[in-house]
Protein chains: 2
Amino acid sequence: MNIGTAARRSALPAKTIRYYEEIGLLRPARADNGYRDYSDADIHRLKFLQRARGLGFSVEECRQLLSLYGDSHRASADVKALAATKLDQIEHKIAELQSLKKTLTHLVRTCHGDARPDCPILDELSGASA
Amino acid sequence: MNIGTAARRSALPAKTIRYYEEIGLLRPARADNGYRDYSDADIHRLKFLQRARGLGFSVEECRQLLSLYGDSHRASADVKALAATKLDQIEHKIAELQSLKKTLTHLVRTCHGDARPDCPILDELSGASA
DNA sequence: GCTTGATCTTCCAGCGACTGGAAGGATTAG
DNA sequence: CTAATCCTTCCAGTCGCTGGAAGATCAAGC
């Protein structure tokens, strides 16, 4: 199967698929004409990557997950640990963004937002309150 | 004032300050020895940048904010619009992360996490449920 | 005056995860 | 046979820094 079809089936851009190959995440066969030739197993792997990336795992973490996935003797604890770490990171990021949101919401609310030049947002950024 | 002092006062790494200069966010004077020489106004500008970046504004948005800051005829509505857009983006990002969190939490909870190889997380990623 | 160490300069390279585009070969439809 | 589409490789750019090398300058101590 050519890369265009693989792209459609995995919901990944062809460029990204080539990139994943370049960094060693998969090794598709080659047809006689030099075109990449994807098997169903390759598509499975690409979909796996697509889902894992969508869940916020980095490419390196995806590599680990794929390695665990391919290891029939893996312990589920290893996978759980990876996912739990990622969950932690996501929670931290959420907390950080919520703090930003709070500050920005306050600023937006106190700015009258008309044609006049005085602006509490710029005041805050310029350190007027500090 | 040398860059080291400017770095301490603005809470930005010296490398970052040089980078900001390179992309045209400020133009410090130069002393006879070739060292950058920061004025109090420069420090003010750097602190402004430090705060705005900390609030999640991109460097290009910071450039706009600085331009609005320096324009005494600006309308506060312009600044408010920038901030409101940023707020929207932050809210979207939070929603996205919360959705990720939900999925990952579920996966982590259903994975027994012991030495056995069966793992609902990998099952999900491999598309067992799809 | 000399040495040492901190600080400054420029320049180049790399991070992560792609994405865009150019130049050219292969395939397919009509 | 032609035109359109798809494939190939390679190089460059994105964003916002960050690290390091090589060399100049400065400040402090002896």
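Here the structure is a predicted model, which means the values were calculated and not measured. Below, read A as the first sequence line, B as the second, and so on, with proteins coming before strands; counting in each chain starts at 1.
- Residue contacts shown for B/Ile23 are absent, as no nucleic acid heavy atom lies under 4.0 Å away.
- Partners of B/Arg116 according to the side chain to side chain donor-acceptor pair (under 3.5 Å) rule, which considers only residues two or more places apart in sequence or in another chain, are B/Asp114.
- Partners of B/Phe48 by ring-ring contact (aromatic ring centres under 6.0 Å, His included), not counting sequence neighbours, listed by chain and number: B/Tyr69.
- Comparing the axis of the opening five pairs of the helix from C/dG1-D/dC30 to C/dG30-D/dC1 with that of the closing five pairs yields an angle of 10°, rounded to 10°.
- Legend: residues meeting side chain to side chain contact (heavy atoms under 4.5 Å, CB included) with B/Asp32, ordered by chain and number and at least two apart, are absent.
- Across residues 27-44 of chain B, B/Asn33, B/Tyr35 each have a non-hydrogen atom less than 4.0 Å from an atom of DNA chain D (numbered order).
- Residue pairs that meet the side chain to side chain donor-acceptor pair (under 3.5 Å) test with at least one member in residues 84-101 of chain A, sequence neighbours left out, are A/Glu61-A/Lys86, A/Lys86-A/Gln89.
- Residues meeting the side chain to side chain donor-acceptor pair (under 3.5 Å) test with B/Arg53, sequence neighbours left out: none.
- Scored by the side chain to side chain donor-acceptor pair (under 3.5 Å) test, A/Asp118 finds A/His112 as partners (sequence neighbours excluded).
- A donor-acceptor pair under 3.5 Å is absent between the side-chain atoms of A/Ser76 and the main chain of B/Cys119, judged by distance alone.
- Side-chain contact between B/Thr110 and A/Lys80 is absent, with no heavy-atom pair separated by less than 4.5 Å.
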Without placing hydrogens or testing angles, list every side-chain donor-acceptor pair under 3.5 Å for residues 11-31 of chain B, not counting sequence neighbours.
| from | atom 1 | to | atom 2 | distance (Å) |
| --- | --- | --- | --- | --- |
| B/Glu21 | OE1 | B/Arg36 | NE | 2.5 |
| B/Arg30 | NH1 | B/Gly34 | O | 3.0 |

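- Note that the CD1 atom of B/Ile3 and the CG atom of B/Asp37 stand 11.5 Å from one another [nearest 0.5 Å].
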Output one line per pair: protein atom, nucleotide atom from nucleotides 12-18 of chain D, and distance, for all N/O pairs under 3.5 Å.
| from | atom 1 | to | atom 2 | distance (Å) |
| --- | --- | --- | --- | --- |
| D/dG16 | OP1 | B/Val59 | N | 3.4 |
| D/dG16 | O3' | B/Arg53 | NH2 | 3.4 |
| D/dC17 | OP2 | B/Tyr20 | OH | 2.7 |
| D/dC17 | OP2 | B/Arg53 | NE | 2.8 |
| D/dC17 | OP2 | B/Arg53 | NH2 | 3.4 |
| D/dT18 | OP2 | B/Thr16 | OG1 | 3.2 |

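- When the side chain to side chain donor-acceptor pair (under 3.5 Å) test is applied to A/Arg63, the partners found at least two apart in sequence or on another chain are A/Glu60.
- Between B/Leu55 and A/Leu107, some side-chain heavy-atom pair lies under the 4.5 Å cut-off.
- Taking every nucleotide of DNA chain C with any atom under 4.0 Å from a non-hydrogen atom of chain B, the first and last of them, 5' to 3', are C/dT7 to C/dC11.
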